[in-house]
Amino acid sequence: MSDPTILAQQTNDPSFDSVWEEINWRGLVHVSTDETELKALLDGGPITYYCGFDPTAPSLHLGNLVQLLLMRRLQLAGHHPLGLVGGSTGLIGDPRPTAERTLTPTDTVAEWVGYLQAQVSRFLSSEGDNAVTLVNNLDWTSPLSAIDFLREIGKYYRVGTMLKKDAVSARLNSEAGISYTEFSYQILQGLDYLELFRSYGCVLQTGGSDQWGNLTSGTDLIRRAESGTVHAIGTPLITNSDGTKFGKSEGNAVWLDPNLTSPYAFYQFWLNTDDADVVFRLKVFTFLTRPEIDRFAELVENEPFRREAQRRLALEVTSLVHGQAATDAAIHAAEALFGQGDLAELDPDTLEAALRELPNTTTAPHATVLQLLVDTELSKSLGDARRAVQQGGVYLNNEKVTSVDLTIEGSVLPGGVAVLRRGKKTLAGIFVE
RNA sequence: GGCGAGUUACCCAAGCGGCCAAAGGGAUCUGACUGUAAAUCAGACGGCGUAGCCUUCGUGAGUUCGAACCUCGCACUCGCCA
């Protein structure tokens with residue numbers, strides 16, 4: 001899945017005096033503990049830091065990628081990363097501001113832990129003095145009895161403080177309320193930091209700014225239990241400038257697992273980035289240097305229609321996550337399908353390869369376009385498909401479909417394929433038997 | 001345990017016996033304009049064999065010619081009291 005040569009190519013931008021300055025320029029520090037101390041720490045000798053990922057799904061998503069890349073930048077600066085996958089915290093559930101989570105079965109969580117560990121390890125080097133160390137908080141939480149937990153950890157926590165955490169107070173003020181299970185989450189995360197501080201000398205935790213309450217839970221606990229001063233960095237929540245949620249494509253999360261989000265769809269997601277967001281995305285999600293990004297900022301300003309910045313962003317992030325070969329395939333598919341030429345004149349092998357990148361289905365020649373829209377998940381029901389055709393939003397081989405009764409007979413391209421499109425850019429491949 | 005408020009489509013939220021497949025907003029989808037952008041305007045947005053039928057308004061029973069709306073039980077959520 002990952003391309004080991006990609007890790008080897010990554011570097012921090014040498015034009016910065018320090019990694020602290022670089023991550024600030026990239027906009028990765030939204031909140032942190034004392035900046036002066038943190039800067040000194042990061043610019044000094046190697047430290048150990050950690051970031052946790054909870055197994056709430058079988059794959060990490062784009063929000064997690066922000067953390068992984070921040071970790072990688074710190075590793076490139078010589079520091080030692082601990083990649084924590086939350087085998088225990090995943091069983092409890094981090095309180096979301098809106099509603100209580102449904103508990104995931106324990107064996108499912110265990111399975112997901114394995115998937116996430118594999119993903120985390122792909123983004124961090126396992127070579128050299130500061131190779132990544134993978135840890136699982138189930139290892140130290142599981143042996144802990146309820147009595148020990150309450151006596152040794154619980155005593156350091158004040159309920160008043162716990163209630164003030166954003167996630168908790170939001171829930172208390174909502175109709176959803178909060179269970180004791182989720183209320184306890186912050187203690188478990190604090191315990192993780194304490195454990196890693198003791199075992200590895202870990203002195204920095206990173207996470208999303210929405211996790212700030214959980215991050216400070218750990219720094220406070222370490223101060224109380226060990227009189228230690230440790231640090232935390234909260235990265236900004238990535239949002240779209242139009243106010244919609246970042247990291248959603250067609251209403252679904254964009255996953256790092258190619259089986260959940262195809263490299264083609266992943267590439268398209270980045271290619272469709274708004275002008276207003278693209279420069280910030282280059283800073284956060286790529287290893288391009290400041291001069292390179294400045295140049296793209298000018299291109300967005302002066303020649304936005306060429307979409308150079310979006311193309312480069314999509315290329316960089318897709319190859320980072322899916323490797324060069326998959327990225328090339330995604331680009332070739334896009335060029336073939338969005339090109340100006342007649343689809344029938346494309347080389348059949350090229351076209352077929354492109355369609356393999358898309359959601360696709362195999363069918364008999366008499367199949368109706370409506371049924372194919374449903375089969376390829378371009379539409380969620382026949383009624384939805386019918387409406388799409390009536391609204392003039394469906395194209396077969398780039399020709400607008402005008403009848404709801406149309407079958408693909410007569411529209412099959414050389415090589416026994418057809419291209420079904422909904423709207424401007426949602427495509428699916430049809431293979432005719 | 002007691003009292004009160006609540007549970008409506010992806011989310012928020014109106015509806016309080018027939019004109020309810022259910023207002024409004026958001027999200028989403030499509031069209032026009034474009035640059036596979038944004039903004040704007042327009043349309044769509046439970047399902048189906050689409051001018052009709054079917055299944056929905058926490059859940060189960062009931063009243064009624066007729067219930068999202070009334071009654072009773074149950075579950076869950078929130079608040080106050082104990």
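A quick note: this is a predicted structure, and the numbers were derived from the prediction, not measured. To find a chain, count down the sequence lines: A is the first, B the second, and so on, and within it residues start at 1.
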Could you measure between the two [atom1] atoms, the one in [N] and the one in [M], and give it in whole Å?
N: B/G73; M: B/G1; atom1: P; value: 15 Å
N: B/G24; M: B/G15; atom1: P; value: 14 Å
N: B/U59; M: B/A67; atom1: C1'; value: 16 Å
N: B/C10; M: B/G79; atom1: C1'; value: 28 Å
N: B/G18; M: B/G66; atom1: P; value: 15 Å
N: B/C45; M: B/U28; atom1: C1'; value: 8 Å
N: B/A44; M: B/C54; atom1: P; value: 24 Å
N: B/C16; M: B/A22; atom1: P; value: 16 Å

[X] near the nucleic acid: base, sugar-phosphate alone, or nothing, with a heavy-atom cut-off under 4.0 Å?
X: A/L271; result: base
X: A/G423; result: sugar-phosphate
X: A/Q310; result: base
X: A/I178; result: sugar-phosphate
X: A/R387; result: sugar-phosphate
X: A/D275; result: base
X: A/R306; result: nothing

Separation of [N] [atom2] from [X] [atom1] (nearest whole Å):
X: A/L282; N: B/A37; atom1: CG; atom2: P; value: 18 Å
X: A/L172; N: B/U77; atom1: CG; atom2: C1'; value: 13 Å
X: A/R311; N: B/A37; atom1: CZ; atom2: P; value: 12 Å
X: A/D277; N: B/A38; atom1: CG; atom2: P; value: 10 Å
X: A/L378; N: B/U30; atom1: CG; atom2: C1'; value: 12 Å
X: A/F246; N: B/A27; atom1: CZ; atom2: P; value: 18 Å
X: A/R307; N: B/A38; atom1: CZ; atom2: C1'; value: 11 Å
X: A/N272; N: B/U34; atom1: CG; atom2: C1'; value: 13 Å

I'd like to know whether the aromatic ring centres of A/F285 and A/F123 sit less than 6.0 Å apart in this structure. no
Would you say [X] reaches [N]'s phosphate, i.e. side-chain N/O to OP1/OP2 under 4.0 Å?
X: A/S381; N: B/C48; result: yes
X: A/Y395; N: B/G31; result: yes
X: A/K425; N: B/A37; result: yes

Are [X] and [Y] within salt-bridge range, i.e. N to O under 4.0 Å?
X: A/D384; Y: A/R422; answer: yes
X: A/E303; Y: A/R306; answer: yes
X: A/R312; Y: A/E316; answer: yes
X: A/R171; Y: A/E182; answer: yes
X: A/D220; Y: A/R223; answer: yes

Applying the Watson-Crick and G-U wobble criteria at under 3.5 Å, what pairs with [N]? Answer none if nothing qualifies.
N: B/A9; answer: none
N: B/U28; answer: B/A44
N: B/C78; answer: B/G4
N: B/A61; answer: B/U71

A/E399 atom CD, over 12 foreign heavy atoms within 6.0 Å: no
For the base of B/G43, is there a side-chain donor-acceptor partner from A/Q391 under 3.5 Å away? yes
Do A/K424 and B/U34 share a donor-acceptor pair, side chain to base, under 3.5 Å? yes
So which of A/N137, A/N64, A/T89 actually passes side-chain hydrogen bond (donor to acceptor under 3.5 Å, both in side chains) with A/D54? A/T89
Winner on side-chain proximity to A/D242, out of B/C29, B/A39, B/U36, is B/A39
B/U30, B/G35, B/U36: which one has an atom nearest the side-chain heavy atoms of A/F305? B/G35
Taking the six-membered ring of A/Y156 as reference, does the NZ or CZ atom of A/R224 fall below 6.0 Å from its centre and within a 45° cone about the axis? no
When you measure from the centre of the six-membered ring of A/F431, is the NZ or CZ of A/R356 closer than 6.0 Å and no more than 45° off the axis? yes
Grab the N/O contacts between the protein and nucleotides 4-12 of chain B below 3.5 Å, and write none if there aren't any.
none

Using heavy-atom distances to pick each residue's nearest nucleotide on RNA chain B, tell me which of A/R422 and A/A334 is more 5'. A/R422
